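Take a look at the structure set out below.
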Amino acid sequence: MTERQIANGRQPKDRPWLMRTYAGHSTAEASNELYRRNLAKGQTGLSVAFDLPTQTGYDPDHILARGEVGRVGVPVSHLGDMRRLFQDIPLEQMNTSMTINATAMWLLALYQVVAEEQGADITKLQGTTQNDIVKEYLSRGTHVFPPGPSLRLTTDMITYTVANIPKWNPINICSYHLQEAGATPVQEIAYAMSTAIAVLDAVRDSGQVPQEKFGDVVARISFFVNAGVRFIEEMCKMRAFGRIWEKVTSERYGIENPKQRRFRYGVQVNSLGLTEAQPENNVQRIVLEMLAVTLSKDARARAVQLPAWNEALGLPRPWDQQWSLRIQQVLAHESDLLEYEDIFAGSHVIEAKVDTLVAESLAEIDRIQEMGGAMAAVESGYLKSQLVSSHAERRARIEGGEEKIVGVNIFETTEPNPLTSDLDTAIMTVDPANEARVVAKLHEWRDDRDENRAQEALAGLKAAAAGDTNLMAATVECARAGVTTGEWAWALRDVFGEFRAPTGVSSAPVAVTAEEGTPLAVVREKVSRTADEMGAGRLRLLVGKPGLDGHSNGAEQIAVRARDAGFEVVYQGIRLTPEQIVDAALAEDVHCVGLSILSGSHAELVPDVLRRLREAGASDIPVIVGGIIPNSDAEDLKRAGVAAVFTPKDFGITEIIGRIVDEIRKANKLDPLEVPA
């Protein structure tokens with residue numbers, strides 16, 4: 001301690017956590033420029049957002065990639081893209097987080113080869129591949145392969161990195177997306193820990209790691225956690241996570257080294273709670289949520305990335321991301337937070353809450369283990385149905401006013417907001433012509449590569465997949481040979497098949513009561529009377545998710561509430577083409593089509609659905625759309641023939657269902673129906 005510090009009464013500061021912003025868009029070149037600018041602003045690590053085709057194993061010219069290329073992240077189709085993405089960024093000196101799951105092995109192989117081309121020692125590479133496929137089945141929807149093969153890919157990656165890239169975190173067990181899908185703190189802890197157990201059991205049982213080296217595997221397991229606005233509960237959740245991880249690693253796996261048992265987590269604070277209404281309130285939400293994972297030294301995150309205030313409106317601009325970075329920097333460098341030991345140690349309030357969370361989470365973990373573990377609980381639909389139910393209950397509390405959200409269901413009056421006075425410039429937009437440029441470059445890459453080597457590499461990958469060889473070596477050879485993302489994934493699809501996860505809708509219990517006089521009872525009456533007038537038996541609603549957007553929470557909640565209102569609901573899950581949606585609408589003779597898109601591909605995909613309905617002679621079926629849709633886009637969709645557009649500000653699901661009935665009546669030339677409450 002210096003004399004000046006003693007005089008000022010100040011302690012030396014701990015090293016701050018890694019500060020990241022989740023970023024990537026349009027092209028590898030544009031994203032590279034963004035990364036270099038962010039690093040120059042003081043960001044201390046990179047967090048790469050990949051677009052949906054990259055995440056789900058499609059090349060940009062695949063039909064399902066249409067409208068999705070470069071929208072929610074950067075397209076990386078081959079080694080050339082990865083080179084451009086990290087040009088002039090020395091990977092040996094970088095700590096890079098890559099949000100990638102089903103295709104994690106492929107993206108790590110590309111990253112390794114680029115690092116080697118830079119002259120890096122790959123044993124010094126530091127970073128994380130998310131690689132948690134279980135939460136993809138439950139909440140995020142970018143899974144490709146069935147659970148068994150997916151777990152094999154994860155296992156092979158972990159054993160490879162421990163031996164060859166020892167500072168790399170080959171998996172980030174994600175509870176973040178579970179909370180976004182409605183998980184309670186107990187469910188978030190229990191499901192994440194059950195996933196970690198499934199992964200570690202698979203690595204242990206694979207025989208690829210000697211028993212004496214298993215501690216090295218445990219030491220590289222990291223977690224990616226959510227922090228919501230309930231500050232005390234969220235901070236206690238982090239402490240509970242640490243206690244349970246200590247118990248699991250010491251008792252189940254016999255890890256004696258305390259450093260290897262350390263609970264290491266990064267965090268992005270809650271995006272589910274960001275509001276489109278009065279979005280300026282999101283800033284204080286983000287700050288409060290960040291404090292939950294930084295104030296407590298004994299449970300402090302090792303890396304933090306914050307969303308931007310306007311993410312409920314659309315894609316944040318670089319300035320918005322800079323604002324979020326500055327929030328972290330002010331806390332770390334201007335406050336005295338990092339000068340003290342844990343300021344919550346010894347609090348009986350905190351200890352009691354942590355004890356409760358630990359006990360309830362361990363009980364749920366035991367329940368899942370009795371089912372056969374996390375993978376069995378995924379395949380049975382148990383985990384998904386629990387999340388859908390929890391989310392439905394939360395939505396019901398919000399609509400009923402029990403759970404208050406400022407600007408949404410309380411204190412709704414507001415002054416004009418200068419931040420959103422021009423909504424078209426308050427968010428970032430991706431040039432629609434970008435996709436064609438990316439596709440053209442992909443075709444150039446294929447034309448210029450050594451085709452024989454590429455095909456030989458793919459044949460080697462298939463052969464390895466058909467046997468029990470670790471798949472990482474064959475994947476690295478594919479990367480070097482110029483194979484594309486889609487080709488790598490299709491080679492494995494040919495061997496492993498694909499997987500459509502349970503939706504959880506049919507088994508979700510009723511979350512909102514329909515006693516006489518309640519809003520749902522009113523809507524049920526409208527549904528029943530409309531069906532009678534049309535001689536339809538029951539009204540039928542198709543809920544569809546076109547494109548690659550796997551955020552199914554909103555679609556599931558609409559489906560559940562429509563079911564409870566008396567609709568017959570057709571919901572086939574995620575990742576459908578407009579053609580498949582229209583075919584289902586015609587086959588099921590539905591009275592309305594509801595489309596849910598949060599990835600920004602609505603401008604491309606919704607008009608295609610409308611066109612196909614017209615060509616099939618079914619233009620009288622009203623189409624409604626929900627998602628993160630800017631005002632100007634919403635007006636364009638209405639002009640194209642969409643009956644109604646719903647965005648996050650429309651939080652009343654029962655009211656939305658009532659509006660759907662109104663649109664069905666209008667389309668069928670029935671008089672407006674007012675049902676007394």
Side-chain angles (χ1 to χ4, degrees), residues 17-18 20 22 35 44-50 54-55 76 79 82-83 85-86 89-133 150-174 195-196 199-200 202-204 206 208-210 213-224 249 255 257 259-267 301-303 305 470-480:
W17 52 90
L18 276 171
R20 295 181 168 128
Y22 181 54
Y35 296 162
T44 52
L46 292 177
S47 181
V48 181
F50 296 101
T54 304
Q55 292 187 52
V76 174
L79 184 59
M82 192 65 99
R83 285 175 186 142
L85 185 61
F86 292 108
I89 299 175
L91 297 185
E92 191 174 299
Q93 302 170 29
M94 194 51 52
N95 191 304
T96 304
S97 171
M98 294 193 283
T99 301
I100 197 75
N101 296 283
T103 54
M105 178 180 285
W106 173 243
L107 272 297
L108 179 61
L110 294 175
Y111 189 87
Q112 174 187 322
V113 174
V114 169
E116 290 170 342
E117 291 178 347
Q118 290 183 356
D121 178 353
I122 68 167
T123 65
K124 296 180 180 179
L125 295 181
Q126 297 186 72
T128 302
T129 30
Q130 193 170 98
N131 202 20
D132 175 0
I133 200 65
S150 293
L151 189 57
R152 176 185 170 185
L153 286 167
T154 300
T155 299
D156 285 356
M157 258 190 76
I158 291 171
T159 57
Y160 177 85
T161 53
V162 167
N164 298 280
I165 316 178
K167 294 185 177 181
W168 192 266
N169 300 321
I171 190 168
N172 217 207
I173 306 292
C174 287
T195 299
V199 168
L200 286 174
V203 173
R204 179 195 60 197
S206 75
Q208 296 186 63
V209 179
K213 290 285 189 179
F214 198 70
D216 294 337
V217 173
V218 173
R220 300 323 305 171
I221 304 295
S222 62
F223 290 78
F224 186 58
T249 54
I255 306 303
N257 186 337
K259 289 184 177 179
Q260 294 177 329
R261 296 197 306 262
R262 184 181 302 154
F263 179 71
R264 300 178 308 119
Y265 79 96
V267 66
R302 294 170 68 95
Q305 58 191 46
N470 188 301
L471 293 170
M472 195 70 201
T475 296
V476 171
E477 172 54 24
C478 283
R480 292 185 176 128

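Small disclaimer: the values here were computed from a predicted structure and weren't measured.
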Within the structure provided, determine whether Thr128 and Phe224 are in side-chain contact (heavy-atom separation under 4.5 Å). no

List the atom of Gly127, the atom of Asn95, and the distance in Å for their closest heavy-atom pair. CA-OD1, 3.6 Å

Roughly how far apart are Glu477 CD and Met472 CE, rounded to 0.5 Å? 12.5 Å

Would you check if the side chain of Asn131 reaches a backbone N or O of Pro170 as a donor-acceptor pair within less than 3.5 Å? yes

Measure the CD1-OG1 distance between Ile133 and Thr154 for me, rounded to the nearest 0.5 Å. 6.5 Å

Please say which of Thr129, Thr123, Thr161 ends up in a side-chain hydrogen bond (donor to acceptor under 3.5 Å, both in side chains) with Trp168. Thr129

Would you please test Met82 and Glu117 for side chain to side chain contact (heavy atoms under 4.5 Å, CB included) and show each step? CA-CA 11 Å; Met82 192 65 99; Glu117 291 178 347; over 6 Å; no

Is there a donor in the side chain of Thr195 and an acceptor in the side chain of Asp132, or the other way round, less than 3.5 Å apart? no

Minimum heavy-atom separation for Ile255 and Gly215, please, with both atom names. CD1-CA, 3.7 Å

Checking Arg480 side chain against Leu79 main chain: does a donor-acceptor pair fall under 3.5 Å? no

Donor-acceptor contact present, side-chain Gln118 to main-chain Leu91, <3.5 Å: yes

Find the distance between OG1 (Thr99) and CD (Gln305) and round it off to the nearest 0.5 Å. 6.0 Å

Is the backbone of Asp121 close enough, under 3.5 Å, to the side chain of Glu92 for a donor and an acceptor to pair up by distance? yes

Over all heavy atoms of both residues, which pair between Gln112 and Tyr160 is shortest? Give the atoms and the distance, please. OE1-OH, 2.8 Å

Give a yes or no answer on whether the side chain of Arg20 reaches the backbone of Leu46 with a donor-acceptor pair at less than 3.5 Å. yes

In Å, rounded to the nearest 0.5 Å, how long is the span from CG of Leu471 to CE of Met157? 11.5 Å

When rounded to the nearest 0.5 Å, the distance separating OG1 of Thr54 from CG of Leu107 is 7.0 Å

Return yes if some donor-acceptor pair links the side-chain N/O of Asn470 with the main-chain N/O of Asp156 below 3.5 Å, else return no. yes

What is the distance from atom CD of Gln260 to atom CG of Asp216, rounded to the nearest 0.5 Å? 5.5 Å

Closest approach of Val48 and Tyr22, non-hydrogen atoms and distance? O-CE1, 3.7 Å

Looking only at non-hydrogen atoms, find the nearest pair between Thr44 and Trp17 and report the distance. OG1-O, 4.2 Å

Nearest heavy-atom contact between Glu116 and Ile122 is CG-CG2, 3.6 Å

Residue that, paired with Asn169, satisfies side-chain hydrogen bond (donor to acceptor under 3.5 Å, both in side chains) out of Gln130, Arg220, Gln126: Arg220

